[in-house]
Amino acid sequence: MSSRKRANTPGRHRHAKRADDRDPVQVTCRLRPLSSNESEACVVAIDEEHVKLVPPAGYILRNGLPPVETTYKFSAVFDETASQRMVFDQTSLDLVQDVIKGKDGLLFTYGVTGSGKTYTMTGTPKNQKDGILPHTLDILFNSLLSRADKCIFVPDGRNGFEVQPEGVAMLERARLALRTPCSKFEFKYRIPDTRAVRGANDDYVYAVFVSYIEIYNNVAYDLLETTPLVERGEKPRPPTGKGLHQDSKGNMYVDKVTEVEVSSTEEAFEQFVKGQERRRVAQTMLNAESSRSHSVFNIRLVMAPLDASGCEPVRDSSLLHVSQLSLVDLAGSERSKRTENTGDRLFESGKINQSLMTLRQCIEKLRENQKTSPDRAGQVPYRDQKLTHLFKNYFEGQGKVRMIVCVNPSVTDYEENVFVMSFAEQAQDVEIVRAVEVNFGNGNLPVSRRRMAQWNNEIESALRGHNDGFPDTQAFSVFFDAPPPFELNGPGDSDSIARLRQHYQSTYRKRQDYGASAEQKVTEFEGAFRSYLCVADTHRRRVEEMEREKAEVETENQRLAAQFRQTKRELTALKQRVSKYELAEQVKSDKEEEFKR
Ligand SMILES: Nc1ncnc2c1ncn2[C@@H]1O[C@H](COP(=O)(O)OP(=O)(O)OP(=O)(O)O)[C@@H](O)[C@H]1O
């Protein structure tokens with residue numbers, strides 16, 4: 001029997017009663033497959049929520065004792081077989097819906113260098129392995145019902161947006177149209193996610209802005225800054241650091257950061273690729289390494305209500321609503337002892353560890369503060385590092401905070417993984433105030449302004465005579481002849497009286513006939529309309545039924561997939577036991593043979 005004891009997850013019992021308006025930081029754990037030169041694993045997924053950290057054979061703690069096996073519980077555990085889409089669906093899909101509904105969200109990947117953080121966040125779109133970012137962009141753009149023309153909204157430099165006059169916006173659009181489109185190599189073989197989520201308001205128009213920031217050695221850099229690094233043969237200039245500021249609502253932002261308006265996944269990803277390129281160039285100049293910096297890709301959604309015409313956004317910046325989703329790829333947490341870093345690399349490691357350490361301290365303080373009364377709460381050291389300072393709003397404000405702990409299960413990462421897991425574990429105890437539903441309101445109209453405007457247009461064009469269903473006044477004249485002149489030649493002019501009587505009697509009959517046929521038509525129309533409504537209602541019910549069935553099938557599928565994975569794990573464990581017994585059996589029979597001889 002194994003001499004290792006199995007310890008319970010530390011801290012799981014610590015959950016105090018949760019306030020109704022708060023949600024914990026949701027932490028999920030993803031294991032990447034071992035690479036070809038790695039054979040032994042120290043992290044094993046037990047089921048959908050538990051993961052086990054097994055110390056490598058012979059590993060001894062500083063106190064001279066062997067460490068114990070530890071089981072950790074997370075919101076979800078994805079083993080090596082989990083697909084990119086599965087990870088996205090369970091960790092980020094609702095964040096996209098939230099941002100469309102006007103709520104903020106923060107998602108970060110955390111783990112040791114080479115544990116799969118970038119693979120999870122970005123993936124490799126050209127190999128159809130889209131990570132969270134391309135899926136997020138696809139679904140966001142598929143779900144926005146109506147988008148504002150470009151250049152109507154512009155960043156005001158103070159973390160807000162302004163509305164530009166249409167003339168200026170038009171000039172800007174013309175200037176943009178002249179721009180040479182970038183090559184879309186990354187997207188050449190990509191299969192986009194065609195799904196959409198509900199939540200976009202029909203009475204609003206939307207504009208999407210992206211920014212891309214790198215935090216390296218505790219300095220923030222703008223990766224989308226347009227100033228060319230090399231201008232007409234000039235010596236390349238190193239990137240300049242940016243300060244952090246607080247806006248009028250108390251939100252932190254990077255000063256004068258470039259925010260680019262994008263209208264498709266391709267355009268947004270083009271900016272991401274540009275940022276990556278700039279990151280590489282900047283890193284060469286700063287003598288840095290990509291995994292040594294934190295990167296923050298921000299997606300901001302600007303929403304403006306439509307004016308009374310139902311066609312144009314109101315030109316009033318005070319009525320704009322802005323929501324934000326930050327996707328953060330943290331630098332790898334690593335101990336310099338293992339990497340044998342020296343010089344610049346050692347300095348970087350120190351800075352990374354400091355920022356991740358401050359993140360840990362913030363989480364620790366937040367947990368402590370939650371347990372004490374507000375007047376005794378200690379100060380959370382956000383300001384100590386740019387990374388935590390920038391995240392302050394997410395922890396102090398409203399919205400969701402998510403963390404994906406990426407793990408390379410190889411035994412070589414055991415020691416780091418102990419730190420990673422314990423930090424991830426603590427993070428789950430922090431609770432964030434749930435974002436309240438944003439009241440978009442549409443002035444008490446039973447339908448959206450846009451729909452109302454469409455109806456008005458249809459009715460107007462019908463009344464103009466463009467629609468056969470709406471006869472105009474001229475059309476009525478064909479039913480009635482012009483009356484004879486109303487003139488009598490004298491008291492005995494019985495002919496004229498007879499003509500007039502005949503005319504009005506015939507008009508009266510025609511009117512009665514027309515009324516009867518109109519009534520008949522109305523009855524027929526009502527009948528047809530009722531049966532149309534009936535059919536539409538039947539279809540609607542059928543669609544609802546099918547949606548219910550689809551949801552049930554999906555749930556069942558997920559259950560079966562989970563069962564399948566569990567069975568697979570059990571089978572692997574059984575196979576390992578069988579081969580162990582076979583080996584023992586073989587050794588025994590070899591010994592017997594030897595003994596006999
Ligand atoms: N779930 C996975 N399935 C297949 N390959 C993976 C998976 N996760 C990571 N990899 C591969 O492992 C390697 C390291 O992954 P990645 O670069 O994402 O690590 P990282 O944590 O971002 O590293 P760094 O901290 O250095 O940036 C890459 O080649 C990546 O393609």
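Just so it is clear, the values below take in all heavy atoms, side chains as well, and ignore hydrogens, waters and symmetry mates.
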Student: Taking all heavy atoms of Y221 and all of T240, pick out the closest pair and write down the distance.
Tutor: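 Looking at all heavy atoms of both residues, the shortest contact is CD2-O, 3.6 Å.
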Student: Tell me, please, which residues at least two apart from D307 pass side chain to side chain donor-acceptor pair (under 3.5 Å).
Tutor: S309
Student: Would you mind reporting whether L560 and Q563 have side-chain heavy atoms less than 4.5 Å apart?
Tutor: yes
Student: With a 4.5 Å limit on heavy-atom distance, are the side chains of K400 and L95 in contact?
Tutor: yes
Student: If we ignore angles and hydrogens, is there a donor and acceptor under 3.5 Å between the side chains of R499 and S496?
Tutor: yes
Student: Answer yes when R158 and D156 have at least one side-chain N-carboxylate O distance shorter than 4.0 Å, and no when they do not.
Tutor: yes
Student: Spell out, as yes or no, whether a donor-acceptor pair under 3.5 Å connects the side chain of S323 to the backbone of V99.
Tutor: yes
Student: Would you give the length of the straight line joining atom CD of Q26 to atom CE of M403, rounded to the nearest 0.5 angstrom?
Tutor: 11.5 Å
Student: Got a sec, which pairs hit salt bridge (charged side-chain N to carboxylate O under 4.0 Å, His left out) with one end in residues 140-150, sequence neighbours left out?
Tutor: K150-E267
Student: To the nearest 0.5 Å, how far apart are CD1 in I132 and OG1 in T109?
Tutor: 7.5 Å
Student: Between CG of L244 and NE2 of H389, what distance do you get to the nearest 0.5 Å?
Tutor: 6.5 Å
Student: Does any N or O in the side chain of N142 come within less than 3.5 Å of the main-chain N or O of D193, such that one atom is a donor and the other an acceptor?
Tutor: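 It does hold such a pair.
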Student: What I want to find out is whether D138 reaches R190 closely enough, with some N-O distance under 4.0 Å, to be called a salt bridge.
Tutor: yes
Student: To check you understand the geometry: which heavy-atom pair defines the closest contact between I152 and P313, and what is its length?
Tutor: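 Where I152 meets P313 most closely, the heavy atoms are CD1-CG, 4.3 Å.
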Student: Is any side-chain heavy atom of Y514 less than 4.5 Å from a side-chain heavy atom of R509?
Tutor: no
Student: Distance-only, no hydrogens or angles: does the N393 side chain make a donor-acceptor pair with backbone N or O of M252 under 3.5 Å?
Tutor: yes
Student: If we ignore hydrogens and angles and just use 3.5 Å, is the side chain of Q84 paired with the main-chain N or O of K129 as donor and acceptor?
Tutor: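 At least one qualifying donor-acceptor pair exists.
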Student: Shortest non-hydrogen contact from T120 to V87?
Tutor: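 Looks like CG2-CG1, 4.1 Å.
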Student: Under 4.0 Å between a Lys/Arg side-chain N and an Asp/Glu carboxylate O for K103 and E437?
Tutor: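 Yes, K103 and E437 are salt-bridged.
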Student: Are any of the side-chain heavy atoms of F74 and E49 separated by less than 4.5 Å?
Tutor: no
Student: Using modelled atom types only, decide if a donor and an acceptor are shared between the side chain of E225 and the backbone of V257 within a distance under 3.5 Å.
Tutor: no
Student: Would you indicate whether the side-chain heavy atoms of V430 and V401 approach each other to under 4.5 Å?
Tutor: no
Student: If only atom types and distance count, is the side chain of Q164 paired as donor or acceptor with the main-chain N or O of C151 below 3.5 Å?
Tutor: yes
Student: Can you pull out every ring-ring contact (aromatic ring centres under 6.0 Å, His included) where at least one residue sits in residues 296-328? Sequence neighbours excluded, please.
Tutor: Y212-F297, F272-F297, H321-F440
Student: Which atom names give the shortest non-hydrogen contact between K242 and D222, and what distance separates them?
Tutor: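 Smallest interatomic distance, heavy atoms only, reads CE-CB, 3.8 Å.
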Student: Considering only NZ, NE, NH1 and NH2 on the basic side and carboxylate oxygens on the acidic side, decide whether D23 and R434 come within less than 4.0 Å.
Tutor: yes
Student: If we count only N and O atoms by modelled type, under 3.5 Å, do the side chains of E524 and Q520 hold a donor and an acceptor together?
Tutor: yes
Student: Does atom CD of Q566 have more than 12 heavy-atom neighbours, drawn from other residues, nucleotides or ligands, at distances under 6.0 Å?
Tutor: yes
Student: I want to check something: taking the side chain as every heavy atom from C-beta on, are L137 and P134 in contact at a cut-off of under 4.5 Å?
Tutor: no
Student: Any side-chain to backbone donor/acceptor pair from E261 onto A207? Under 3.5 Å, distance only.
Tutor: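 Not at all, since once roles are kept as given, no pair shorter than 3.5 Å links the two residues.
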Student: In plain terms, say whether K550 and E547 are close enough for a salt bridge, that is, a side-chain N and a carboxylate O under 4.0 Å apart.
Tutor: no
Student: Walk me through it: do E552 and E556 pass the test side-chain contact (heavy atoms from CB on, under 4.5 Å)?
Tutor: CA-CA 6 Å; E552 277 169 20; E556 181 60 7; over 6 Å; no
Student: Would you say the side chains of S326 and Y394 form a donor-acceptor pair under 3.5 Å?
Tutor: yes
Student: Would you name the heavy atoms of T258 and L224 that are closest together and state the gap between them?
Tutor: CG2-O, 3.5 Å
Student: Salt bridge between E544 and R540, side-chain N to carboxylate O under 4.0 Å?
Tutor: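 R540 and E544: salt-bridged.
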Student: Taking S146 for its side chain and Y204 for its backbone only, find out whether a donor-acceptor pair lies under 3.5 Å.
Tutor: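 Pair found, side chain donor or acceptor close to backbone of Y204.
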Student: Run the side-chain contact (heavy atoms from CB on, under 4.5 Å) check on S295 and V328 step by step: do they pass?
Tutor: CA-CA 6 Å; S295 73; V328 184; over 6 Å; no
Student: Between the main-chain N or O of Q398 and the side-chain N or O of D104, is there a donor-acceptor pair closer than 3.5 Å?
Tutor: no
Student: Nearest 0.5 Å please: distance from the CG atom of L500 over to the CG atom of D495.
Tutor: 11.0 Å
Student: Is there side-chain contact between V208 and R300, with at least one heavy-atom pair below 4.5 Å?
Tutor: no
Student: Indicate, with yes or no, if the rings of F161 and F209 have centres closer together than 6.0 Å.
Tutor: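 Ring-ring flag for F161/F209: true, centres closer than 6.0 Å.
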Student: Walk me through it: do V296 and D329 pass the test side-chain contact (heavy atoms from CB on, under 4.5 Å)?
Tutor: CA-CA 7 Å; V296 185; D329 191 354; over 6 Å; no
Student: Under a 4.0 Å N-O cut-off, is there an ion pair linking R175 with E172?
Tutor: yes
Student: Does CZ in R559 sit with more than 12 non-hydrogen atoms of other residues, nucleotides or ligands closer than 6.0 Å?
Tutor: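 Yes, enclosed.
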Student: Between atom CE of M86 and atom OG1 of T91, what is the distance when rounded to the nearest 0.5 Å?
Tutor: 11.5 Å
Student: Taking side chain as C-beta onward, heavy atoms only, is N298 less than 4.5 Å from L325?
Tutor: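 Result no, sub-4.5 Å side-chain heavy-atom pair not found.
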Student: Could you go step by step and tell me if R565 and T81 meet the side-chain contact (heavy atoms from CB on, under 4.5 Å) rule?
Tutor: CA-CA 9 Å; R565 283 193 296 276; T81 61; 3.8 Å; yes
Student: Nearest 0.5 Å, what's the CG-CD1 distance between D21 and I432?
Tutor: 11.5 Å
Student: Identify the two heavy atoms, one from I139 and one from F88, that lie closest to each other, and give their separation to 0.1 Å.
Tutor: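 Taking I139 first and F88 second, the nearest heavy atoms are CD1-CE2, 3.6 Å.
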Student: Using modelled atom types and a 3.5 Å cut-off, is there a donor and acceptor pairing between side-chain atoms of S143 and backbone atoms of A196?
Tutor: no
Student: Under a 4.0 Å N-O cut-off, is there an ion pair linking R542 with E545?
Tutor: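 Result for this pair is yes, salt bridge flagged.
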Student: Would you say the side-chain atoms of Y253 and Q246 include a donor-acceptor pair closer than 3.5 Å?
Tutor: no
Student: Check D94 with R402, please: is the shortest side-chain N to carboxylate O separation under 4.0 Å?
Tutor: yes
